[in-house]
Amino acid sequence: MKGTSGIRFDKPGIDPTDGDDDWRGIFTGAKRDLKSRKQELVRNAILDAAIALFEKKGFDQTDVAEIAEAAGISKRSFFRYFATKDDLLARSVMEYGAVLVAAIRSAPRQSTDLEVIHQTLLAGVHYNEQPEARARQLIAISTSHPTARQAYLSRKHLVEDAVAEAFASRARNVRRDDLRVRLLAGITLALMNATIGAWFLGEEKTLEAAAKHAEAELEKITTFNTAPLNSKKKGRGKEVDLR
């Protein structure tokens, strides 16, 4: 994407997870030793077992004891990894947000705002491609069951704050609540939302193609294209809000 030069960056920011200690390590990139990697394997096994049950029985109809049994652990062990059933879906959102934050922070200093957004979009695409099947399953579950959707989005505000903080931390004397920073965060998350929605609904066959489509549409909107929204071709399908 083309863009004007962005704001300059240096200053580290505040901890985006203040008040949410259970999720602090995800956003701060805590060092992962052998023990933490083993724990991650167990978390993934629990999540995979839960997804299979949610698809078969429904989110509301599945309880923690069933998930633990399917994962081959005790109910007590389940609670060492997740506080509630809702946290299973909430954690996937937080890990996704951490990928976006890392991409923003690792962008070259000379990058423009739109270049940073582009890099972050690609990082989000690659995250959802690994494995792509799980991303589709989680979206299907969250859009089919209101309770699951609420759980999936329960940490949305933390992701928004963390993305804004990542942009702010790249600039001198800029706070995460500044309008420009919030706008950059909003554009980034809106692009990701549109990308995933286009892919999930079948408008584009791959996440990468959906990302290119979303960026192309944004460029049209931000240039001299004055065509009204209703001039678009019909038959695009309904919108899926995954923010």
Side-chain angles (χ1 to χ4, degrees), residues 1-3 6 9 13 16-17 23 25-29 40 44 47 51 88-108 111-143 149 151-170 176 181-219 221-222 239-243:
M1 291 176 64
K2 297 177 180 179
F9 310 107
T17 59
W23 304 89
I26 295 178
F27 278 139
T28 57
E40 191 63 25
N44 285 331
L47 181 57
I51 288 173
L88 284 161
L89 299 182
R91 185 177 183 88
S92 68
V93 177
M94 297 296 286
E95 290 177 343
Y96 162 68
V99 168
L100 303 184
V101 167
I104 294 167
R105 291 183 181 275
S106 65
S111 297
T112 66
D113 295 337
L114 291 181
E115 286 170 345
V116 175
I117 290 173
H118 173 72
Q119 177 173 312
T120 305
L121 181 62
L122 290 182
V125 164
H126 293 154
Y127 170 80
N128 282 290
E129 287 176 337
Q130 302 173 5
E132 188 173 287
R134 179 185 283 181
R136 187 173 289 279
Q137 288 172 312
L138 288 170
I139 295 167
I141 291 167
S142 68
T143 54
R149 179 178 176 79
Y152 193 74
L153 299 179
S154 63
R155 299 287 171 165
K156 175 187 170 185
H157 69 287
L158 285 179
V159 173
E160 291 177 341
D161 285 349
V163 170
E165 175 62 23
F167 276 110
S169 71
R170 293 173 56 90
R176 68 172 177 178
V181 167
R182 282 291 176 183
L183 182 59
L184 291 172
I187 291 172
T188 301
L189 294 174
L191 271 174
M192 259 329 312
N193 181 59
T195 293
I196 294 174
W199 164 74
F200 181 75
L201 292 173
E203 185 174 346
E204 298 291 349
K205 293 183 179 180
T206 67
L207 281 162
E208 186 175 353
K212 289 179 180 179
H213 187 177
E215 287 187 307
E217 290 299 321
L218 178 63
E219 188 168 0
I221 292 169
T222 55
E239 179 183 355
V240 173
D241 183 2
L242 303 172
R243 291 172 295 173

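It should be emphasised that the depicted structure is a prediction, and the values quoted were computed from it without experimental measurement.
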Which atom of [X] lies closest to which atom of [Y], heavy atoms considered:
X	Y	answer
Leu191	Glu215	CD2-N, 4.1 Å
Met192	Val125	CE-N, 4.0 Å
Arg176	Ala168	N-CB, 3.6 Å
Ala135	Asn128	CB-O, 3.5 Å
Glu204	Ala209	OE1-CB, 3.8 Å
Ala210	Thr195	CB-O, 3.3 Å

ask   = Do Glu132 side-chain atoms and Glu129 backbone N/O form a donor-acceptor pair below 3.5 Å?
value =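 The answer is no, because no donor-acceptor pair under 3.5 Å joins these two groups.
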ask   = Taking Ser111 for the side chain and Ala107 for the main chain, is one N or O donor matched with an acceptor at less than 3.5 Å?
value =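 It does not hold such a pair.
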task = State which residues pass salt bridge (Lys or Arg N to Asp or Glu O under 4.0 Å) with Arg134; sequence neighbours excluded, sorted by chain then number.
result =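 Expected list: Asp48.
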inquiry  = Show, in sequence, the C-alpha distance, side-chain angles and deciding distance for Phe167 and Asp113, and conclude whether the side chain to side chain contact (heavy atoms under 4.5 Å, CB included) test is met.
reply    = CA-CA 9 Å; Phe167 276 110; Asp113 295 337; 5.7 Å; no
Less than 4.5 Å apart, side chain to side chain, heavy atoms only: is that true for [X] and [Y]?
X	Y	result
Thr112	Val116	no
Leu47	Ile51	yes
His126	Glu208	no
Thr120	Val99	no
Glu165	Arg105	yes
Val101	Tyr96	no
Trp199	Ile139	yes

query = In Å, rounded to the nearest 0.5 Å, how long is the span from CG of Leu189 to CG of Leu100?
reply =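 Nearest 0.5 Å value for the CG-CG distance: 6.5 Å.
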request  = For side chain to side chain contact (heavy atoms under 4.5 Å, CB included), just list the numbers for Leu114 and Ile187, CA-CA rounded to whole Å, side-chain angles, deciding distance to a tenth of an Å, and then say yes or no.
outcome  = CA-CA 10 Å; Leu114 291 181; Ile187 291 172; 5.6 Å; no
ask   = With sequence neighbours excluded, what pairs up with Ser106 under the side-chain hydrogen bond (donor to acceptor under 3.5 Å, both in side chains) test?
value =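 For Ser106, the residues satisfying side-chain hydrogen bond (donor to acceptor under 3.5 Å, both in side chains) (neighbours in sequence not counted) are Gln119.
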key: Ionic contact status for Arg155 with Asp161, cut-off 4.0 Å   =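 The answer is no: the pair does not qualify as a salt bridge.
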query = Would you call Glu95 and Arg91 a salt bridge, using N to O less than 4.0 angstrom?
reply =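 So Glu95 pairs with Arg91 through a salt bridge.
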